[in-house]
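The block underneath contains the structure these notes are about, expressed in structure tokens.
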2 protein chains.
Amino acid sequence: MSNTTGIKEVARRAGVSIGTVSNVLNRPELVASSTRQRVLDAITELGYVRNDSARQLRAGHSRQIALVVLDVTNPFFTDVVRGAEAAAEEHGVMVVVCNSGEDAGREQRHLDLLEEQRVRGVLITPVDESPNSRLELLIQRGTPVVLVDRGSGRHSRCSVAVDDLLGGRLAGEHLVEQGHERITFVGGPATVTQVRDRHAGIVEAVQGRAELSVVSTANLTVAAGRAAAAEIDDATAVFCANDLVALGVLQGLTQRGIRVPQDVAIVGYDDIEFAAAAAVPLSSVRQPREQLGRTATALLLEEIEDDGRHEHRHVVFQPELIVRESSGRPRTRRPRRIGR
Amino acid sequence: MSNTTGIKEVARRAGVSIGTVSNVLNRPELVASSTRQRVLDAITELGYVRNDSARQLRAGHSRQIALVVLDVTNPFFTDVVRGAEAAAEEHGVMVVVCNSGEDAGREQRHLDLLEEQRVRGVLITPVDESPNSRLELLIQRGTPVVLVDRGSGRHSRCSVAVDDLLGGRLAGEHLVEQGHERITFVGGPATVTQVRDRHAGIVEAVQGRAELSVVSTANLTVAAGRAAAAEIDDATAVFCANDLVALGVLQGLTQRGIRVPQDVAIVGYDDIEFAAAAAVPLSSVRQPREQLGRTATALLLEEIEDDGRHEHRHVVFQPELIVRESSGRPRTRRPRRIGR
DNA sequence: GCCACAGCATGAAACGTTTCACAATAGTGG
DNA sequence: CCACTATTGTGAAACGTTTCATGCTGTGGC
């Protein structure tokens, strides 16, 4: 809190005016090099640090963009964060990450604060997608917003998403091809579009070629999956709305002594890193996670650029099914003692 | 960007002075309730949003604290984030999360920005712990800093850490008790104190009662663990510096046809959620991850409070060994067909 | 010797708050 | 009716920048 040195001190020390110091900082080419050097010296000697509040106040807006994620704890989102950071960095913009934790109240508070801070723009996966008045207000008042992983028919904003219907279909077709006739879909709540779409996708793919049942979960976490595993019954394959859920199901089934994939196949969704790293590597519908973050950021920066007129765009990525052991032909194991 | 309404507009609309509006906002009890209501109405009608830059400029500092993590992608850190957020929320403070991604340059840039923003305080797990001049400067200029998961002998700051020596010892004793005689430690780089301490801990515990070898990794990721698995040789147990590495090793070994725990036992470190969720649930040395974040935040807020005089404290938590299948007695499996 | 002009530097206004000393009004007790 | 206090409201200063119109110098062309 001792930071008491402003541009004014620097100016005095260098024997120049305030305006000159500002010029050294912002348009150094306008300042004679000797003067510039004197100012620069003064700056380091005094340990001067620019005051961003004052800058922003003058500028009318900050130089950051925000990314509001549903759950920092979900590796899917942390990968999105990485993508967004990478893209932002290329433009010299900083990303501040906010975690709503699937709590509408927290989301609201974050948005309040972000608006007070006059962030340049917001990337967000909203907690609920029903007419979200807070978010709507933000947009209406002029803050660029890009929806992440939420297809939006609305034309009032850009969005980046993955075709979840197709994803579900891919999983369904794969399982049917593998000869499964009794499949269970695990996920919830159904209020989440992703869950609905992925389910719809598999329904469409299966089309009478297999029986499809549903085990509904309260959220998309490992714990929920573990709990759901107890209810899985009379199925030879499970399609989970999420890799976290899939990992939970895998664990739950294993604990029941049910072998994966010999007894039951599992297909997850997202293809988070831990899917491949599971001891029974998980088949999963891959979403281009980093790409999602990158593109969303690019769209946002574009909108910020186009200040006035801007054509909102909706980018939809195609998911890709990654088949691994959990749903592939059981591979031959050659157990052997470690060491040669 | 259309946000053109300031306190001034509100004042005009409500027919009061600027000062009164400010009072309504900050000390409503000083304003007669009728006036207050009029102002409040004007605020909602105009969609007025406070300008935080101006506020901060006046106040001299922001109202946020920052948490700079090494790797948002590591579930260990996301849990720390959650803890910090919870503690901060209780105090009405917002946490902004910054990701250094183990890149000193990015860390530096984040700190620069944070200082320009006059953050109230910083929680950080620094990339390198050598005399970090940037961080030192920050502290010296008066920003409270708490080191997270980095024991610091220094008395110039608070710190929160876990006793890694003990953690390593716990793992070592457990493995020796289980009768293992050839143990491999997997982790790196050795420049990271955590890695060194955990290794030192197991060395101490094993003390001639078993052979100890080391497979060194470039970093602490799943990929690194997977690669390391190829080099594990002639061991009956593996102790990994990290759960991510442990998961990688687990996967690598399984792919080589080596069974866990029958052929080789594995113990990880951190006890991230995915450790328990692995199909062979991972034994792991548990760190109180959320607690770490909570306590660090509490310490920071305390220091901010104590503005002038403040006694720096160093909190050290005790880790706890969680034994699961990966290193327990192989449990009996009862394979059976799903469905009854 | 004068003018025009480039190259630098200056000073003041403005950004939107908060704060604080003070003014205005009304109520109270003597 | 006065002196006081309590209760509300006011206006201006200050926070640290950026920006812009303006001022000052010295140089080269005529």
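Order of the sequence lines fixes the chain letters, A, B, ..., with proteins taken first and strands second; residue numbering starts at 1 for each chain. This is a predicted model, so every value here is computed, not measured.
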Examine [N]: is either OP1 or OP2 under 4.0 Å from a nitrogen or oxygen in the side chain of [X]? Give yes or no.
X	N	answer
A/Arg58	C/dG16	no
B/Arg36	D/dT8	no
B/Arg55	C/dT18	yes

Could you check how far [atom1] of [X] sits from [atom2] of [N], rounded to whole Å?
X	N	atom1	atom2	value
B/Ile7	D/dT10	CD1	P	13 Å
B/Arg12	C/dG16	CZ	P	12 Å
A/Glu9	D/dG16	CD	P	10 Å
A/Gln117	C/dT17	CD	P	14 Å
A/Gln56	C/dG16	CD	P	13 Å
A/Ile43	D/dG16	CD1	C1'	14 Å
A/Lys8	D/dT17	NZ	P	9 Å
A/Gln37	C/dA9	CD	P	13 Å

So, [X] and [Y], do they make that salt bridge, N to O below 4.0 Å?
X	Y	value
B/Glu85	A/Arg106	yes
B/Arg157	B/Glu136	yes
A/Arg313	A/Glu302	yes
A/Glu305	A/Arg120	no
A/Asp112	A/Arg134	yes
A/Glu89	B/Arg109	yes

- Query: Would you say the side-chain atoms of A/Gln194 and A/Arg150 include a donor-acceptor pair closer than 3.5 Å?
  - Reply: yes
- Is a side-chain donor-acceptor pair under 3.5 Å present for B/Gln64 with A/Gln117? yes
- Message: Between A/Glu290 and A/Arg82, does the salt bridge (charged side-chain N to carboxylate O under 4.0 Å, His left out) criterion hold? Intermediate values first, please.
- Response: CA-CA 6 Å; A/Glu290 290 206 28; A/Arg82 279 229 308 234; 2.8 Å; yes
Polar pairs (N or O, both sides) under 3.5 Å between protein and nucleotides 23-25 of chain C?
none

- Message: Between B/Leu57 and B/Thr35, which residue's closest nucleotide on DNA chain D lies nearer the 5′ terminus?
- Response: B/Thr35
- Quick one: pull up CG in A/Asp149 and CD1 in A/Ile124 and give me the separation to the nearest 0.5 Å. 12.5 Å
- Message: Rounded to the nearest 0.5 Å, what separates atom OH in A/Tyr48 from atom OG1 in A/Thr5?
- Response: 8.5 Å
- Query: Taking it one step at a time, do A/His312 and A/His314 satisfy ring-ring contact (aromatic ring centres under 6.0 Å, His included)?
  - Reply: CA-CA 7 Å; A/His312 289 295; A/His314 303 275; 7.7 Å; no
- Item | Close approaches to DNA chain D from residues 13-30 of chain A, in residue order (heavy atom, under 4.0 Å) | A/Ile18, A/Gly19, A/Ser22, A/Asn26
- Query: In degrees, rounded to 10°, what is the bend between the two ends of the helix from C/dG1-D/dC30 to C/dG30-D/dC1, using five pairs at each?
  - Reply: 50°
